[in-house]
2 protein chains.
Amino acid sequence: MKPKGFIRRTRQREAILEVLRSTKSHPTADWVYQEVRKEMPHVSLGTIYRNLRTLSENGEILELSYGSNHSRFDANSECHYHFICESCGSIEDLEMDCLPELEKKVEKIGDYEVFTHRLEFHGICPDCSREESQSHLN
Amino acid sequence: MKPKGFIRRTRQREAILEVLRSTKSHPTADWVYQEVRKEMPHVSLGTIYRNLRTLSENGEILELSYGSNHSRFDANSECHYHFICESCGSIEDLEMDCLPELEKKVEKIGDYEVFTHRLEFHGICPDCSREESQSHLN
DNA sequence: ATAAATGCAAAGCATTTGCAACCAT
DNA sequence: ATGGTTGCAAATGCTTTGCATTTAT
C-alpha cells in the first residue's frame, strides 16, 4: 500500500505477473512459485514473496487474506468483489458493479479518509450448490 | 463457520469470551492470551487458539483477517463493518447500518447461496488525520 | 557504477497438534 | 462414565531475512 520508488523489471517479476494474469483463480504464493518454476527452475520462494509484496505495495496486484492461513493474490487490482465458497474454498470474482457510494457513506460518518473498500460474500457457490442438490438423488 | 455439536462451558472458554467482550479493540490471539493469563496463569496458548476457533465456528465471535499476519477477533458477531487505518493500524467498528440488500444482489447474479458478507474500508482514521493536519503547523 | 533484485538457506513466528491428565455433563 | 477440554511442548508451515552474487538502469 505504500507507494515505492522505482521498481525494476526483472525476468522474475515479469514471470510472476504473467502467471498471475494468466489465471482467474486467485492463487497462493506457493502456486505462483510452482508455476514460475516451470519456466525458471531456479527462482526462489523468497523472490516470489518479495515480488508479491512489492507488486501489491505498488498497487499492481491485490493481496487477499481470508481465514488465518495463506494469502492469495489477484492480478486484477481494479475495484471488484469476491465470493468465497465455504464448501470448496474457491474464490471467484463477482460480476457486480463497484459501489463507490459506500465510501462516501463512511466519509459522512466522520473524519474518515477512505482509500479503498473491500467487500466479500461467503456462502455456497453455484457449482457446489448444484452438487448438493444432486446428492439428494442418492 | 461449521456449526458444532455441544460445546462445554469451561472456565477457560468463559474467561476468553469475557476478555473479548470487555474490549472494542479487536485483539489478537496473543493479546487475549496475555489478558486471560492475568486471571488464570496456567492457560496455554493452545487453549486460546482452540477456543477462538471453536467460538468462531459457533458464530459466537468473529475472526477477522487483514493483511497476511495474525487474525484478530471480535466478540460482536452481529453484522457490522470495519474501518482499518493504514496509518496506525487500528480497526474500528463503523456506525453504519448493515446492508442485507447486498446479499440479495449477489443471489440475483447466479446460484449463489449467501450466508454472510464482509465489508471493510481502508484509509486514515479520524485520529490520524487530525494529527496529520496538525503536523502542518510545524 | 551502483542500488535493487536474486538464490539459497536459515530463521521467525503465528498457529496447530499429539498426548496424557482433567473436568463438565 | 465418557467424551470434550486442557497444558505442555514439539511440530507445522507460511513468510521473512541475511548475505554474497548478479543484474537492470
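All chains are named by letter (A, B, ...) in the order of the sequence lines, taking the proteins before the strands, and each is independently numbered beginning at 1. Here the structure is a predicted model, which is why all the values come from computation and not from measurement.
Counting non-hydrogen atoms of neighbouring residues, nucleotides and ligands closer than 6.0 angstrom, the CD atom of Glu14(B) exceeds 12 such neighbours. Around the CD atom of Glu101(A), the shell of radius 6.0 Å holds more than 12 heavy atoms that belong to other residues, nucleotides or ligands. Residue Glu18(B) qualifies as open at atom CD: its count of foreign heavy atoms under 6.0 Å is 12 or below.
Counting to the nearest Å, the C1' atom of dA4(C) and the CD atom of Glu14(A) are 15 Å from each other. For His70(B) and dT16(D), the NE2 to P distance is 12 Å, given to the nearest whole Å. For Met40(A) and dT22(D), the CE to C1' distance is 14 Å, given to the nearest whole Å. One atom, OH of Tyr33(B), and another, C1' of dC8(D), lie 10 Å apart when rounded to the nearest Å. In this structure, CZ of Arg37(A) is placed 13 Å from C1' of dC8(C), rounded to the nearest angstrom. The interatomic distance linking Leu52(B) (CG) with dT16(C) (P) rounds to 10 Å, in whole Å. The distance from atom CD of Gln34(B) to atom P of dA14(C) is 11 Å, rounded to the nearest whole Å. Protein atom CZ of Phe6(B) is 17 Å distant from nucleotide atom P of dT2(D), rounded to whole Å.
Over its length, the helix from dA1(C)-dT25(D) to dT25(C)-dA1(D) turns its helix axis by 50°, as judged from the five terminal pairs at each end, rounded to 10°.
For the pair Val19(B)/Ile16(B), no side-chain contact is recorded, criterion being any heavy-atom separation below 4.5 Å from C-beta on.
When each of His26(B), Glu120(B), His122(B), Arg118(B) is checked for a side-chain hydrogen bond (donor to acceptor under 3.5 Å, both in side chains) with His82(B), only His26(B) meets the rule.
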Nucleotide by nucleotide, nucleotides 20-25 of chain C touches protein heavy atoms under 4.0 Å in the pattern (B base, S sugar-phosphate only, - none) ---BBS
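In this structure, the side chain of Thr54(A) engages the main chain of Arg50(A) through a donor-acceptor pair within 3.5 Å.
The residues Lys38(B) and Glu35(B) are annotated as salt-bridged, a charged nitrogen and a carboxylate oxygen being separated by less than 4.0 angstrom. The residues Glu92(A) and Lys24(A) are annotated as not salt-bridged, no charged nitrogen and carboxylate oxygen being separated by less than 4.0 angstrom.
In this model, the phosphate group of dG7(C) is approached by a side-chain N or O of Gln12(A) to a distance below 4.0 Å at OP1 or OP2.
Ring to ring, Phe121(A) and Tyr112(B) are not that close: their centroids are 6.0 angstrom or more apart.
Checking Ser71(A) against Glu63(A) by side-chain atom types alone, a donor-acceptor pair falls below 3.5 Å.
Between His117(B) and Tyr81(B), the two ring planes are tilted [angle within 30° to 60°].
Contact check of residues 42-51 of chain A against DNA chain D (heavy atom, cut-off under 4.0 Å) returns Leu45(A), Gly46(A), Tyr49(A), Arg50(A).
Each of dT6(C), dT16(C), dT16(D) was ranked by its minimum atom distance to the side chain of Arg53(B); first place goes to dT16(C).
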